[in-house]
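Everything on this sheet refers to the single structure shown next.
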Amino acid sequence: MLSATRVQGPCPQCRLRLLSLFENGFVNLRPDPPRSLPRPLSLKLKSLPSHRRDNARFFSTTKRVAQTTQPTEKASNLDEIEVTVRQAKQAFGDTLPKGYLNDEEYKLYERLYGAPLRETQPEDVGMPVAGFDPEDLPRDPSQTVLIRETEDGELEEVVYETKIPDSLPEALEEAADLTSVDAENPELPSEAGLSYINAVAKNKREYNALLRLQKDFERSSLRAAQEEEIDEEEPIEEEEEEEEEEEEDEGVPDAMFQTTSRVHEYTRIGQWRTDPTTVYLPKADFVNPISKLLERTDIKHVKEAAEKAFGGSGLPHSVATPEAKRNVPQKGVAMEAGHHRMSEIDADAYIATNLPGMYASVMSILVEIRKRLGSEWVSKLISRNNGEGPRVLDVGAGGAGLAAWQQVLQAEWDIMSEGGKKPQHDPPGKKTVIVGSNHLRERVSRFLNDTTFLPRLPDYLHSRNNPDMLDAGDKPLPKKSYDIIIASHLLMPLREGFQRKALLDNLWEMLSPEGGVLIVMEKGHPRGFEAVADVRSRLLNEFIDSPSSDPRPEAIETEDQRVREEGMIIAPCTNHKECPMYLTPGLSHGRKDFCHFSQRFIRPPFLQKILGATHRNHEDINFSFVAIQRGKLPDMEASSIPEQGAQVTDRAFKGYENSEEQPNPLSLPRNILPPLKRRGHVTLDLCTPTGKIERWTVPKSFSKKAYHDARKARWGDLWALGAKTRVVRPIRLGRGGPAPNDGGVRARAAAQGNKPRVIHLNADSSGIYSAREKVRKNGPPGRRTKGGKKQQLEDLMKELKEEGFS
């Protein structure tokens, strides 16, 4: 019997085969498949006889095994998954449409690129979302739209339904079916969306994903448009959110203010703002000419000259004071437009840094004056003296005030043209500006056309009829009068009171007694406000006689030359009483509250480069001003000045929301600070017609309309809808007069100011060769100079030489 263990030299496979035969028996035997492919016969073997072919031996005894040359299915799937993932990354970037990848593909996506940021939006893949209009979608054939003109001249859509006949020709029936399908199924993408998808999609999966995105976008847009139409047809009063965000963020300029029906009419009339609320400097008439002038000089040199002239980085001594420089000494504009000595680089620095801020400030003031006097004021100025037009004088703004006035005049001229009241001539008027330097005059004349340039302000106060003068003629020289005088940044450089008084007297002599308007403006800090408040006090006490003014004490020395005339304050004051923030004339140390306003404007590129600003391109400029009208324009009703006092304030406190009588805007309280908007109530700091500063609270329980408008109120707005509670607001006016001795470093230095200085001198036969000043023991430390003690010695020797010591 055979034994598997005794087989000589069996291979393991043969041995296992034999064992299985002995165990299972020699039944159901199946031939094994060949373990190797049959060796192909060469041509030489085929030619040999069969008995020699069996005994032939090959050179290699290795058996050949069959190999599979086709790739496995698993490897092919992995390659396809990777290709799909990479295409998704290329098509959708860091986002991914919902359900675009399956589980295996998403795992590979996360392993290669990480998790997607968010679900893909239409704008992420460049879909044409900006040009989509829901009205472009096909309408229901049963609805037809007509355009009709209303009584106000506006156009509105009228939708009416028509019945579609049951029997239609086959062609028309097919077209109607297609139209109805499109109208009933607004999910179908627009033609622009389909063309974009066909051009971009690379495969079927990407095409379906983009198509789904376009459908979702158009569906949401159509739904929003339908909801808006429903809101317009049936307005529903919705409750205001408790915590409403501010309408204007610090870093983002507020571009447009849209007048809506939700704001009360009296609130809209009293708003202080331009349209748009952020002033955009006119490019063609203002920005481009200045930019072209500055191209001749590297902006780096202009920046260095500006920082040298206006107080260093941030330009704190220009028309605008940055927040970081609030603690620097409060000074006026360091360089005036009337300076006669101004180099070319100084002229470039002046127009690049000061004119944009002056333009925005004057524009804000002119818009407020036009609102209070009405559009009739400008139209009467245009038509005066058979089309002579308004006469405007710009003193101190270097032409920026005239540029702002030109925009206001052009806007009024366009309104007259639309209403059919356009006269038979171009926009008239005479413009005059005070510019002292020839270099500045050449630059300003680039953007001011038909303008008269004067090197200095005429002195009409002393050019009266003086027969004693040899060169005086028989008749006095004719004086020019102006309808509008814009005096900006003129008072701060004048330190003495008599100089400011003479300047105001001269400006009043040049102002037309027939409705002339005088605008006095200064920087929006305590010293600037005090200069403007002093002008207001003098004008009320000496120049104008208002029926609502408080009785003034008679002066000891009567002025024969000064006669009080009819006039009124246009803005910002709503009373002709003593200013509650200027109870003590002169400077007040430590003043915290002062009347000023703010205007935001977009910086031009050259100012952006000079300031080195990179985070934002807008700026809020603060200013204090007063606008007073002298007399009234002929053929025009004078603006009625109502009685101002406690009775008028009480009536404004009750509110005019449901009142039939329209309030006079000149008698409404004004917001002198930004409103405080809190949860469920708004607090307003108002200057009332009684001449007091009061704090009014408008809660939600007082009136829904008043609460809504209070949340929309801004700094400078007039308030007409009343309040629930009011209290007198304490004003932080500081301490008037000389600075008190509070024991501080400055107080001790001021107290020791009257003591004589002790200087030790070293001299010989040739004179004084050195000096040393005795330092105070308890005084403030001396300022460290760049040159150290050597520089201090040189300064002291120079001072002694000027005093006559040698």
Ion pair check, D709 and R262, cut-off under 4.0 Å: no
Donor-acceptor pair, side chain of R603 and main chain of P356, under 3.5 angstrom: no
Ion pair check, R651 and E661, cut-off under 4.0 Å: yes
Flag side-chain contact, heavy atom, 4.5 Å: V517 against D483: no
Donor-acceptor pair between S624 and K523 side chains, under 3.5 angstrom: no
4.5 Å side-chain heavy-atom contact, I672 and M581: yes
Lys/Arg-Asp/Glu bridge criterion (N-O < 4.0 Å) met for R527, E522: no
Contacts of type salt bridge (charged side-chain N to carboxylate O under 4.0 Å, His left out), residue R726, not counting sequence neighbours: D650, E694
Lys/Arg N to Asp/Glu carboxylate O, E566 vs K632, below 4.0 Å: no
Test: D717 and R273 ion pair at under 4.0 Å: yes
Spacing of T683 atom OG1 and K677 atom NZ [to the nearest 0.5 Å]: 12.0 Å
Mutual orientation of the aromatic rings belonging to F594 and F529 [parallel < 30°, tilted 30-60°, perpendicular > 60°]: tilted
Side chains of S703 and E657, donor plus acceptor under 3.5 Å: yes
No-hydrogen, no-angle side-chain donor-acceptor test under 3.5 Å, K712 and T267: no
Heavy-atom closest pair, residues R630 and E565: NH2-OE2, 2.6 Å
N671/D685 under side-chain contact (heavy atoms from CB on, under 4.5 Å): CA gap, chis, key distance, verdict: CA-CA 6 Å; N671 284 280; D685 293 323; 5.9 Å; no
ring-ring contact (aromatic ring centres under 6.0 Å, His included) between Y280 and F601, worked out: CA-CA 6 Å; Y280 290 79; F601 70 98; over 10 Å; no
Where L366 and I519 come nearest, the two heavy atoms and their spacing: CD2-CD1, 3.9 Å
Residue pair S598 / N622, side-chain donor-acceptor N/O under 3.5 Å: yes
Geometric class of the F653/W696 ring pair [parallel <30°, tilted 30-60°, perpendicular >60°]: perpendicular
Spacing of CD1 belonging to I486 relative to CG belonging to L507, to within rounding of 0.5 Å: 12.0 Å
Cationic N near anionic O, under 4.0 Å, K371 to E368: no
